[in-house]
Amino acid sequence: MTFARLQQGGPPRQAIVILGLVLFTCWSAGPVIWLILSSVLEQKALIAQPPDLSPQNFTLDNFSTVIGAAASLGRGIINSLIVAVFSTALALALGAPAAYALARLPVPRADNISFLILATQMLPGIAIAIPLFILISRLGLIDNVLSLGIVYLSFNLPIVIWILRGFFLGIPAGIEKAAAIDGAGIFATFWHIILPISLPPLSAAAVFAFVEAWNEFFFALILTRQQAQTTPLVIANFAGQYQTVFGQMMAAAVISVAPVILLAILFRNQIIRGFADGMMKG
Amino acid sequence: MTTTVEQRRRRTGVFFVAPALLVLAAILFYPIVDSILLALQRVQLAGGAVTQEWIGLGNFIRLFSDPVFWRAALNTAYFSGMEVVLVTLISLGVALLLNHPLGRSGFFRILLIVPWAIAPVANAVLWKWILNANYGILNGLLKSIGVIDYYQVWLGTPFSALNFLLIVDVWKSVPFVALLMLAGLQRVPQSLYRAAYMDGAGPWQSFLNVTLPTMRGVIAVAIVLQTIWSLRVFDLVFVLTRGGPADATALLNFLAYRVTFNFLDLGYGSAIANVIFALTFVLAALYVWLLWPRDVRGAR
Amino acid sequence: MVHNFNRRHFLGTGALAGAMATMPGLFDRGARAQSAALNVFSPLPPDPAPPGAAKFSEDAFAKWQADNGATVSYETLAWPQLHDRMATAFASGAAPWDITYNCGWVPEFESFLTPYADNLPKALVDDLPPTSFATTTVGGKRYGAVFTLSLLTLFYNKELMEQAGFKEAPKTWDELKACAKEMTRDGRFGFVLNYGDPAGIGGTASYWMVFLQQAGGKVYGEDGLPAFKSDEGVAALQMMVDLMPSTDPGSISYAGINDATNVLLAGRAGMMMNWPFMWNAGNDPKQSQIVGKMTSAVLPAGPKGSASIDGTDAWTITKASKNQEKAQKLIEFYLDAEVQKRQVLDTGWLPIRLSVLADPEVQAKAPNAAVVLEQAKHPYDSFVTADYNQVTVAIGTEVQKALQGSKTAAQAIADAQDAVTAIVKRRG
């Protein structure tokens, strides 16, 4: 018997694992399945007790109402896209060199700087909300998707640096030495050697930053008015004071989370490998 | 003076790091300083503008005698503590499941990614719908299989509301931490397991003596991150319960928001926010100091 | 049902108006035809919203913009988020609006608003209920004009009530309790309300204030300090506690009124207190399963008679606005008789003008208007002060504890009074 087969365990252990996997599947997928189901059911089916799942109640009306009636959902998605892409690109452009420097170059007090950068994550958004709003409005940048993207750097940049630094710490020193022997300067080494092998953690960091920017609610609430509304704000708007058509609310939610979920599924391998390498060291 | 290689490397390093640091300082520095200053003032909206007067530590003294603050602090301590424990344990379990040959399929990894990717607001709205007292699917399911006799108001009592808030956030948080742990598990060298087997260790013993110690760094990271994030929960409370019923789910973060935006008591709100900040900082530093494997630091 | 708000439509109209405004000789009103840009902050429909944001009187609105050389743009937001947006904007000194919607926050934001309502034309003011300015008056000056008559009244399911053996709506507290008790059977409840959110108008504390006034009590004394720790205060809370066995247990978790409304419209509760808008919702077959069975009545009387609270949906003008006069003219347009009539006929929000309320066409479309007018003969103080949010959270939280049985009514009232005293003293 191979060791791997031994590790797999006999029938009892396998049964436990299968049970665990089934439970896990229900627990993870259940709510999401209900999200999708609710979005395609009529209101009267949803408010029956228990919910009426007979086939004739299925409809795409919720989606058509939500898409047709709310120009704001379309604009919300476009805004979210711009903010997320812009913020991610900036975070990578600023964060990758910084992470490399903190990991591989003799920057003075690099450990302290790294911890300081992580410490910014501990700041509750509430604490800086009003001063930030004052600052941004004095600069005339309220309701601007680009300024929102820059504000998002406040949490994206530290995470990108954290992930990438962890990965860079794990690169064997030999690679840089070999590049140096070939006469490459530091920047050339970084650009031509280090970055290409960092694609998994880079994509992981990029997806992470993108998702965080897409899903952010609080600062979007404060710093936007009409033009720059992002998707989470539109979703929150659907729970108005007097009417809640649950199916439409779920349909809007489905539309808003679909792009991000697709992205995450497409890049799942990079994300997982990126975390594997990135988060382990430091 | 000729610059040594070392000096050149240091200069380049600083040059690489500077832009990021400058950006962070620009976005965060002024607001953080201003928020600390605000916490030392009494701020009121009057006369068409905001009036500010210095009261030193007055806001903080008020904090200490405010029962609402202590209730929120208690709620937060319970919530955060339970969440870290639950998330760590469940994530470890999930990671072990997915590390087993039966669980290697990409399907399970997709299942991990999906809850993580859903926006917190959308998640809150979804769960509010699931837990709905009249039409929620949880009620529907439990009643049809006979576990309950009549529909429950899951968010109706303080105890129940706080614990369901916990469950919802655990549901959302487990995926990311599980991924982390999975990555950590996959880095444990097989040779260690073989050696343990040779020494006659059973599966439970090899788990305790091989897996856990090697995973110590990962678990530490998971705990630190979860602690920080659990103290920042806001979207969920905002949508699901708004702090109710009777302040049972008013966590510190939500309290700071309520005081700042609903009562416009900017000074007091800033004081609470800064207390949260200090608390998070201290807790994280503590964990790092306690749990960080010493040999990983300084690996250059 | 999200309103199809098409900005292009009135932006185009606005542009046209602007273009027309630049053509000389087109206006013979004597005033200079300068194009002013007005910015209005309003709730999203179906919450109360003005023409252009909500679908009514759009032609009249376009004409008004053309006549007055103004382009009006709307910034709309879901109702629950309005207060926070205004708070941040005012606090940072960067509120860009000329006109804002206000709901019980006038004393709070008083220093940022203009007391323009003192200058409204007499003819208009005479046509408004005198008490409608109560919640928008601070220090003797009027800062806002309420634009829809919105008082809490009793809404009930006629069929369920008759099944319980009652021919008419309950008229006293005892009748209310008995009626609710009879209606509670077969998985249905006699009463439902949203006790989930303690704060603001339409929150738990404000509902208690309804019963408080019905018992003859008031929240503040002459000195501005709380004066509700009295027999009346406790009796009011006790009434709510006594109703709890007949109240839908989900009520404590309903944070918004629509949650409670849904229960009534599904036929699973018999009675509730609600705003006039419910009339439309109750008769809409897409939402309601009790179409044609819903009626409204004046709230049952306590020891001192009936009473209610004012929803106080009002328009206010910001001090920072550069177009004070134009803004006032716009508000006068919103309060114009014809516009008010279309407001109720097209959107269901009652008018505030007495003449429009008496219009037979209006009364036919909105039978509950007569009930609201009747309710308006009784007290309807919302006790709005600058600390309204803070006070209602303090009181509301105590009320919730009493409703859940973790405190006696007397204890809850005592604790609430202590908390409110601290708040008032802190403001100085």
Side-chain angles (χ1 to χ4, degrees), chain A residues 3 8 17-18 20-21 24-25 28-29 31-32 34-35 46-47 50-51 94-95 97-98 100-102 105-107 119-124 126-128 130-132 135 151 153-154 157 169 186 211 215 217-218 232 235-236 246 249 253 256-257 260-261 264-265 268 272 275-276 279-281, chain B residues 6 9-10 12-14 16-17 19-20 23-24 27-28 30-32 34-35 94 97 100-103 109-111 113-115 117-122 125-126 129-130 135 137 140 144 179-180 183 186-187 194 221 228 232 234-235 253 256-257 260 266 273-274 276-277 280-281 284 296 299:
Chain A
F3 186 62
Q8 208 175 341
V17 171
I18 291 179
L21 286 174
F24 169 66
T25 309
S28 272
V32 181
W34 184 237
L35 170 69
L46 290 175
I47 61 177
L94 291 172
Y100 181 66
L102 287 172
L105 298 176
V107 176
T120 63
Q121 291 289 292
M122 306 178 202
L123 192 66
I126 313 285
I128 57 174
I130 288 198
L132 203 62
L135 178 67
V151 168
L153 281 179
S154 65
L157 194 48
L169 277 176
I186 298 171
V211 169
N215 290 342
F217 176 65
F218 187 66
I235 302 297
F246 301 111
M249 215 159 67
S256 74
V257 305
V260 170
I261 290 187
I265 294 181
R268 69 182 181 280
I272 295 173
F275 288 149
M279 291 296 235
M280 291 310 98
K281 297 275 168 70
Chain B
E6 188 71 10
R9 281 168 63 83
R10 183 176 319 156
T12 318
V14 172
F16 272 18
V17 173
V23 166
L24 281 178
I27 302 176
L28 294 177
Y30 165 70
I32 291 178
D34 203 27
S35 119
V94 169
L97 279 176
H100 192 275
L102 283 175
R109 275 137 187 80
I110 294 180
L111 279 187
I113 291 277
V114 169
I118 297 180
V121 171
V125 160
L126 168 65
W129 169 227
I130 292 179
Y135 314 118
I137 188 69
S144 0
L179 273 178
L180 210 61
Q186 287 171 340
R187 300 198 118 237
R194 257 182 243 269
V221 170
I228 297 176
R232 296 179 71 179
F234 175 77
D235 297 15
N253 207 14
Y257 159 81
T260 307
L266 303 181
N274 280 297
I276 302 175
F277 182 26
T280 325
F281 195 87
V296 175

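Every heavy atom of this structure was used, including side-chain atoms; hydrogens, water molecules and symmetry mates were not. Quick note on labels: first sequence line is chain A, next is B, and so on, each numbered from 1.
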Trainee: Measuring heavy-atom distances to chain A, does B/Arg10 have an atom under 4.5 Å in its side chain, in its backbone, in both, or in neither?
Mentor: both
Trainee: Among B/Pro115, B/Ala273, B/Pro19, B/Pro31, who wins on heavy-atom pairs under 4.5 Å with chain A?
Mentor: B/Pro31
Trainee: Checking B/Val14 against chain A: side chain, backbone, both or neither under 4.5 Å from a heavy atom?
Mentor: both
Trainee: If you take all heavy atoms of A/Ser154 and B/Leu28, which pair is closest and at what distance?
Mentor: CB-CD2, 3.7 Å
Trainee: Apply side-chain contact (heavy atoms from CB on, under 4.5 Å) to residues B/Val121 and A/Asn215 and explain how you reach the verdict.
Mentor: CA-CA 8 Å; B/Val121 171; A/Asn215 290 342; over 6 Å; no
Trainee: Between B/Val94, B/Ile130, B/Val17, which residue shows the highest count of heavy-atom pairs closer than 4.5 Å to chain A?
Mentor: B/Val17
Trainee: Find the one option among A/Pro97, A/Ser256, A/Ala253, A/Pro232 whose heavy-atom pairs under 4.5 Å with chain B are most numerous.
Mentor: A/Pro97
Trainee: Of all heavy-atom pairs between A/Ala101 and B/Phe16, which one has the smallest distance, and what is that distance?
Mentor: CB-CB, 3.6 Å
Trainee: Heavy atoms only, distances under 4.5 angstrom: which of B/Ile27, B/Thr260, B/Ile276, B/Asn274 has the most pairs with chain A? Name it, please.
Mentor: B/Ile27
Trainee: Between B/Phe234 and chain A, which part of the residue has a heavy atom less than 4.5 Å away: side chain, backbone, both or neither?
Mentor: side chain
Trainee: Let's test your reading of the structure: which of A/Val151, A/Leu132, A/Val257 forms the most heavy-atom pairs below 4.5 Å with chain B?
Mentor: A/Leu132
Trainee: Looking at CD1 of B/Ile118 and CD1 of A/Ile261, how far apart are the two atoms once the value is rounded to the nearest 0.5 Å?
Mentor: 4.5 Å
Trainee: Nearest 0.5 Å please: distance from the CH2 atom of A/Trp34 over to the CD1 atom of B/Ile137.
Mentor: 4.0 Å
Trainee: Would you mind telling me which of B/Val23, B/Ile110, B/Ile32 has the largest number of heavy-atom pairs within less than 4.5 Å of chain A?
Mentor: B/Ile110
Trainee: Nearest 0.5 angstrom please: A/Ile128 CD1 to A/Thr120 OG1, how far?
Mentor: 9.0 Å
Trainee: What I'd like to find out is whether the side chain of B/Leu179 reaches to under 4.5 Å of the side chain of B/Ile113, using heavy atoms alone.
Mentor: yes
Trainee: Determine the option with the most heavy-atom pairs under 4.5 angstrom with chain A, choosing from B/Gly140, B/Ala117, B/Ala256.
Mentor: B/Ala117
Trainee: Between B/Ile228 and chain A, which part of the residue has a heavy atom less than 4.5 Å away: side chain, backbone, both or neither?
Mentor: side chain
Trainee: Using non-hydrogen atoms and a 4.5 Å limit, figure out which bit of B/Asn253 sits close to chain A: side chain, backbone, both or neither.
Mentor: both
Trainee: Tell me, side chain or backbone of A/Leu153 under 4.5 Å from chain B's heavy atoms, or both, or neither?
Mentor: both
Trainee: Considering non-hydrogen atoms only, spot the tightest contact between A/Leu105 and B/Gly13 and give its length.
Mentor: CD1-CA, 3.4 Å
Trainee: What part of A/Val17 gets closer than 4.5 Å to chain B, counting heavy atoms only: side chain, backbone, both or neither?
Mentor: both
Trainee: Nearest 0.5 Å please: distance from the CG atom of B/Leu97 over to the CD1 atom of A/Ile18.
Mentor: 11.0 Å
